[in-house]
Q: 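This structure is in structure tokens; I'll ask about it shortly.
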Number of protein chains: 2
Amino acid sequence: MKPEVTLKKLAVMLNLSVSTISRALKNHPDISAETRTKVKELATVLEYEPNAYAIHLRTNNSKEFGIVIPAISSYFYHSFISSVEEEARRFGYSVIILQSGDDPVLEQENLKKCKQNRVSGVFAAITSKTEDIQSFLKLENQQIPVIFFDKVPAFEACNKVCVADGLAASMAAEALILKKKLAVLSIFGNKNLSITKKRLKSYTDTFKKHKTGTEIFTFHAGNTEEAFQIVLQAFAGQSKPDAVFCMSDEILAGAMKAVQKLALRFPKDVGIITISDGYLPKIYYPEISYTETSGHKLGKLAFSRMLACIAGSTVAQELSIDSKLIEGGSL
Amino acid sequence: MKPEVTLKKLAVMLNLSVSTISRALKNHPDISAETRTKVKELATVLEYEPNAYAIHLRTNNSKEFGIVIPAISSYFYHSFISSVEEEARRFGYSVIILQSGDDPVLEQENLKKCKQNRVSGVFAAITSKTEDIQSFLKLENQQIPVIFFDKVPAFEACNKVCVADGLAASMAAEALILKKKLAVLSIFGNKNLSITKKRLKSYTDTFKKHKTGTEIFTFHAGNTEEAFQIVLQAFAGQSKPDAVFCMSDEILAGAMKAVQKLALRFPKDVGIITISDGYLPKIYYPEISYTETSGHKLGKLAFSRMLACIAGSTVAQELSIDSKLIEGGSL
DNA sequence: TGTGTTTTCGCAAACGTTTGTTGTTTAAAA
DNA sequence: TTTTAAACAACAAACGTTTGCGAAAACACA
């Protein structure tokens with residue numbers, strides 16, 4: 001059926017041994033220039049491509065990383081992945097992407113697949129329902145480094161890279177303070193996520209520290225629709241907020257939908273600020289001010305950490321990238 | 001370094017042969033129940049996972065598909081991929097995703113990687129700059145089916161699955177006609193893409209067919225920013241459009257930004273309609289009416305076509321999924 | 001002519017599986 | 001008791017590569 005071109009086939013055709021073919025193809029000094037060109041010519045004519053499976057089996061080195069992730073749905077994850085892919089290519093690695101659809105069972109299966117493929121390392125963002133980190137730790141025991149990113153477990157002794165959650169939140173708070181906002185509707189995500197806790201804490205701490213009289217109305221939205229409803233209700237009462245803070249893109253989308261429904265003008269009627277990677281804020285007019293969380297930068301950081309682990313670094317580190325305020329005109 | 005658990009290791013520990021272990025693990029009738037359980041127990045204790053490379057090498061069947069794609073940036077591609085992954089899982093296949101960043105050179109490399117990994121088939125959306133289809137066709141010659149999707153080449157004799165570009169555009173046109181719109185700003189994408197040509201033709205044909213006096217102002221926008229400018233200018237003059245049609249999400253984002261800048265109310269001041277997979281239209285209020293192009297459905301179709309090809313179907317087909325109008329209240 | 005040194009290549013083992021074939025034991029049928 | 005079959009397990013080859021080692025040929029030096 002599939003007439004695969006192999007070293008052996010080339011060897012037979014040229015009346016040489018398989019090992020000679022193999023060496024010729026990779027410019028081994030043992031092989032004469034004459035033989036080498038002869039081999040290479042035939043290889044290109046026949047479009048020989050080495051069998052990745054055989055190589056990996058033989059060398060016992062897959063030169064491959066796994067990225068296990070709830071979903072590539074967001075711009076943030078997309079830019080993270082692209083960033084890792086780019087670095088991987090530079091270092092001769094390739095990347096396989098495993099989506100779990102935010103399902104812990106599928107996540108387990110994906111980890112298993114990583115193991116079966118003997119990946120050199122795993123980049124992982126856990127699902128919102130992942131409670132047991134054991135299977136990840138087991139990989140580590142088998143010398144397969146695991147770098148958690150973005151959605152990281154609370155467990156201490158593991159490698160994590162994150163956006164500076166605290167910093168981004170507190171910078172947003174400072175921006176609100178600078179604009180002298182007095183009543184800020186503040187919408188955070190799922191209470192149980194560590195990312196929510198971190199952002200919430202830094203956010204409220206910042207307001208406390210500055211001792212402004214700002215009123216903070218804190219809500220939690222599990223999805224876009226909930227954020228939509230929260231904003232609607234917040235503006236239904238008598239005392240209306242003069243600013244809205246959103247913890248993420250998902251929440252921003254819902255909040256802005258409500259802003260449109262209520263026909264609020266921003267920044268005149270209400271100021272808006274969010275934490276984002278930068279795609280969604282730019283589709284509104286005026287563009288939404290946000291504190292940046294760069295998937296691209298995070299990818300670079302995660303990759304360098306991965307290389308360090310492969311090189312033998314054994315201490316678990318928690319690293320983060322900094323953030324900055326991007327003014328869009330919505331605050 | 002990496003103490004890999006292999007069949008051989010299990011065999012030594014249990015004083016059995018490798019083949020017995022292998023058979024026990026897969027419930028081969030030759031193996032006694034007693035031995036089988038003994039083997040399975042040890043395997044779970046030691047967390048044995050079969051080496052995927054060895055299996056693939058031995059069986060010469062990778063049970064793996066490649067998806068080569070410019071970028072997973074859009075919701076449409078994301079849902080296509082998820083859909084294919086879902087089907088693949090059902091049939092015991094896995095999927096590797098190769099992004100080219102819309103770079104034909106990287107696209108070539110990704111195809112090579114598919115070949116090196118001896119994938120069972122390739123799903124491909126070509127880059128906007130891909131002119132030479134040869135390398136794709138070569139895969140076909142080597143019994144590796146290629147199913148083009150969404151961004152497909154003009155070349156006839158290949159397998160393509162597309163959203164019903166013509167239908168979606170003409171349905172949008174009919175919706176505009178039904179609402180008795182008189183002056184429609186119609187923004188299409190890159191002139192050279194076949195997808196643009198198809199949508200444009202059906203769109204204008206539909207208006208001609210219905211012999212309405214509708215004025216159609218056609219523009220082409222290469223990106224979101226251009227769409228933004230086009231809308232701004234269209235509304236700068238005296239005679240303002242009473243509706244805007246967008247060919248894609250990318251264009252819709254720019255158009256809506258302009259609508260917000262101009263403080264136009266929709267559907268009162270201006271009607272909006274677009275072609276989309278459904279994510280972006282839903283973040284506006286009121287939600288944007290659109291004719292649907294489902295990445296999910298397209299994935300299912302592509303996969304079934306792939307299975308047919310693997311089963312031996314040799315005729316090249318061009319298939320498409322239908323579309324429907326989703327009313328959002330913007331028209 | 002003999003010894004030593006390159007140069008160039010082949011042999012064979014190994015990576016972890018799967019699977020057709022063969023061999024041994026046990027138990028049932030004659 | 002012998003024959004036959006069934007049950008169970010081992011042997012060995014193969015998938016395509018890489019690589020340490022050895023071998024043959026060519027050449028140089030004495």
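Throughout, a chain's letter reflects where its sequence line sits, starting with A, and its residues are numbered from 1.
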Q: Could you tell me how far apart B:Asn61 (CG) and C:dT19 (P) are, to the nearest whole angstrom?
A: 11 Å
Q: On the nucleotide C:dG10, are OP1 or OP2 found under 4.0 Å from the side-chain N or O atoms that A:Ser17 carries?
A: yes
Q: With the threshold set at 4.0 Å, does a side-chain nitrogen-carboxylate oxygen contact exist between A:Glu86 and A:Lys300?
A: yes
Q: Between C:dC15, D:dG16, C:dG10, spot the one nearest the side chain of B:Leu57, thanks.
A: D:dG16
Q: In whole angstroms, how far is the P atom of C:dG10 from the CG atom of A:Leu14?
A: 10 Å
Q: Separation of B:Arg36 atom CZ from D:dC8 atom P, in whole Å?
A: 9 Å
Q: What is the distance from CG of B:Asn60 to C1' of D:dA13, rounded to the nearest Å?
A: 16 Å
Q: Between A:Ile31 (CD1) and D:dT19 (P), how many Å, whole number?
A: 13 Å
Q: Among D:dC8, D:dG16, C:dT8, which nucleotide sits nearest the side chain of B:Ser32?
A: D:dC8
Q: May I have the distance from A:Glu4 (atom CD) to D:dT17 (atom C1'), rounded to whole angstrom?
A: 11 Å
Q: So, does A:Asn117 use its side chain to make a donor-acceptor pair with the main chain of A:Val119 at under 3.5 Å?
A: no
Q: Choose from C:dT17, D:dA10, D:dT17 the nucleotide whose nearest atom is closest to any side-chain atom of B:Ile55.
A: C:dT17
Q: Can a side chain N or O of B:Thr35 be found less than 4.0 Å away from OP1 or OP2 on D:dA9?
A: yes
Q: Quick one: is A:Lys9 getting a side-chain N or O under 4.0 Å of the D:dG16 phosphate, OP1 or OP2?
A: no
Q: Going by distance alone, is a donor N or O of one side chain under 3.5 Å from an acceptor N or O of the other, for B:Asn192 and B:Lys129?
A: no
Q: Could you tell me how the ring of A:Phe303 sits relative to the ring of A:Phe65: parallel (under 30°), tilted (30 to 60°) or perpendicular (over 60°)?
A: perpendicular
Q: Nearest to the side chain of A:Thr6 - C:dG16, D:dA10, D:dG16?
A: D:dG16
Q: Using atom types as modelled and distance alone, determine if a side-chain donor or acceptor of A:Lys160 lies under 3.5 Å from a backbone N or O of A:Phe155.
A: yes
Q: Grab the CG-P distance between A:Asn51 and C:dG16 for me, whole Å please.
A: 17 Å
Q: Between B:Lys112 and B:Glu109, does the salt bridge (charged side-chain N to carboxylate O under 4.0 Å, His left out) criterion hold? Intermediate values first, please.
A: CA-CA 5 Å; B:Lys112 189 187 287 184; B:Glu109 269 190 39; over 6 Å; no
Q: By a strict heavy-atom criterion of less than 4.0 Å, which residues belonging to residues 19-30 of chain B are in contact with DNA chain C?
A: B:Ser19, B:Ser22, B:Arg23, B:Lys26
Q: Whole Å only: how far is the CG atom of B:Leu16 from the C1' atom of D:dA7?
A: 15 Å
Q: For A:Cys162, is there any backbone N or O sitting under 3.5 Å from a side-chain donor or acceptor partner on A:Asp150?
A: no
